[in-house]
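Computed from a predicted structure; not experimentally measured. Along the sequence shown, the residues carry numbers beginning at 1.
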Amino acid sequence: MSTKLRILLMDYVSHELNIAYQTSPVEATQEAITKAIETAFEKLDDDVLDAGEAAVKAELPLPEALPFVTLACAGSCAILGIYDLESCLLRVACVGDSRAVLGHRENDGRVHTVALSVDQNLENSSEASRLQDEHPNEPDMIEDEAVLGMSITRAFGDARWKYS
């Protein structure tokens, strides 16, 4: 899955950003850019999951279906940074528990770091609360700081937690 993300994620993001800029040719709004990146992440995940499900429903021979099913069932985190030269704005998009960190050297030689993303796992109390809010009828969903054995709360793929 991580190889697939490395190959396709930028294509999906570029496509959605092009749409955002076509809608507003002079300058896409900050909200439109953010939405384009979110849409790209969601579409890529949906396409991977849909291809896996379609391979099973089509009853393809195992050698043909296996690459699609394996990809859909594998999980991966991803982190993406995009720097806009015009606005001097750095955007960071994160899925999973990868962390983007910006570092710069101070005049005295010390390195100062700033976290640019928030881990999406159950060690993050806001993520645990989000899951509990989204699943109010499943009070025992989180057990031993894990959901069905996973501490990561968001990922690409991981079909077994997403299919109905």
* Asked: Quick one: CH2 on Trp161 to OG1 on Thr153, what's the gap to the nearest 0.5 Å?
  -> 12.5 Å
List the atom pairs, with distances to 0.1 Å, where a side-chain N or O of residues 130-143 and a protein N or O form a donor-acceptor pair under 3.5 Å, not counting sequence neighbours.
{"residue": "Arg130", "atom": "NE", "partner": "Glu127", "partner atom": "OE2", "Å": "3.2"}
{"residue": "Arg130", "atom": "NH1", "partner": "Glu134", "partner atom": "OE1", "Å": "3.2"}
{"residue": "Arg130", "atom": "NH1", "partner": "Glu134", "partner atom": "OE2", "Å": "3.1"}
{"residue": "Arg130", "atom": "NH2", "partner": "Glu127", "partner atom": "OE1", "Å": "3.1"}
{"residue": "His135", "atom": "ND1", "partner": "Glu138", "partner atom": "OE2", "Å": "3.0"}

* Could you tell me whether the side chain of Glu16 and the main chain of Ala36 form a donor-acceptor pair under 3.5 Å? => no
* Asked: How long is the span from the CG atom in Asp47 to the NZ atom in Lys43, to the nearest 0.5 Å?
  -> 8.5 Å
* Can you name the nearest heavy-atom pair linking Arg99 to Ser117, along with the distance? -> CA-OG, 3.3 Å
* **Spacing of CG belonging to Leu44 relative to OG1 belonging to Thr39, to within rounding of 0.5 Å** => 12.5 Å
* Check: Ile33 and Ile37 side chains under 4.5 Å, non-hydrogen atoms -> yes
* Arg110 vs Arg105 side-chain heavy atoms within contact, under 4.5 Å -> no
* Between CG on residue Asp97 and CG on residue Asn124, distance to nearest 0.5 Å -> 10.5 Å
* Could you state whether Leu17 and Met10 fall into the same hydrophobic cluster, counting links through intermediate Ile, Leu, Val, Met, Phe, Trp or Tyr residues with side-chain heavy atoms under 4.5 angstrom apart? => yes
* To do: Might you point out which heavy atoms bring Ala55 and Phe68 nearest each other, and give the distance in Å?
  => CB-CB, 3.9 Å
* Structure fact -> One should read off an interatomic distance between His104 NE2 and Thr113 OG1, to the nearest 0.5 angstrom, of 9.0 Å
* Report yes if some heavy atom in the side chain of Phe41 is under 4.5 Å from a heavy atom in the side chain of Val95; otherwise report no. => yes
* So, for Met1 and Phe156, which heavy atoms are closest and what is the spacing to 0.1 Å? -> CE-C, 3.9 Å
* To do: Give, for atom SG of Cys77 and atom CG of Leu5, the distance between the pair rounded to the nearest 0.5 Å.
  => 9.5 Å
* Asked: Do Met150 and Asp158 have side chains that get closer than 4.5 Å, going by heavy atoms?
  -> yes
* Structure fact -> Closest heavy-atom pair, Leu80 versus Ile82, reported as atoms and distance to 0.1 Å, is CD2-CD1, 3.9 Å
* Output yes when a side-chain donor or acceptor of Arg160 lies under 3.5 Å from a complementary backbone atom of Cys73, and no otherwise. => yes
* Hey, are Ser14 and Asp11 close enough side-chain-wise for a donor-acceptor pair under 3.5 Å? -> no
* Asked: With a cutoff of under 4.5 Å between side-chain heavy atoms, which Ile, Leu, Val, Met, Phe, Trp and Tyr residues group with Val92?
  -> Ile79, Tyr83, Leu85, Leu90, Leu102, Val114, Leu116
* Minimal non-hydrogen separation, Ser98 against Asp119, with atom names -> O-OD1, 3.7 Å
* **Nearest non-hydrogen partners of Leu49 and Ala72, listed with the distance** => CD2-O, 3.9 Å
* **salt bridge (charged side-chain N to carboxylate O under 4.0 Å, His left out) between Asp45 and Lys162, worked out** => CA-CA 10 Å; Asp45 191 48; Lys162 296 177 182 174; 2.8 Å; yes
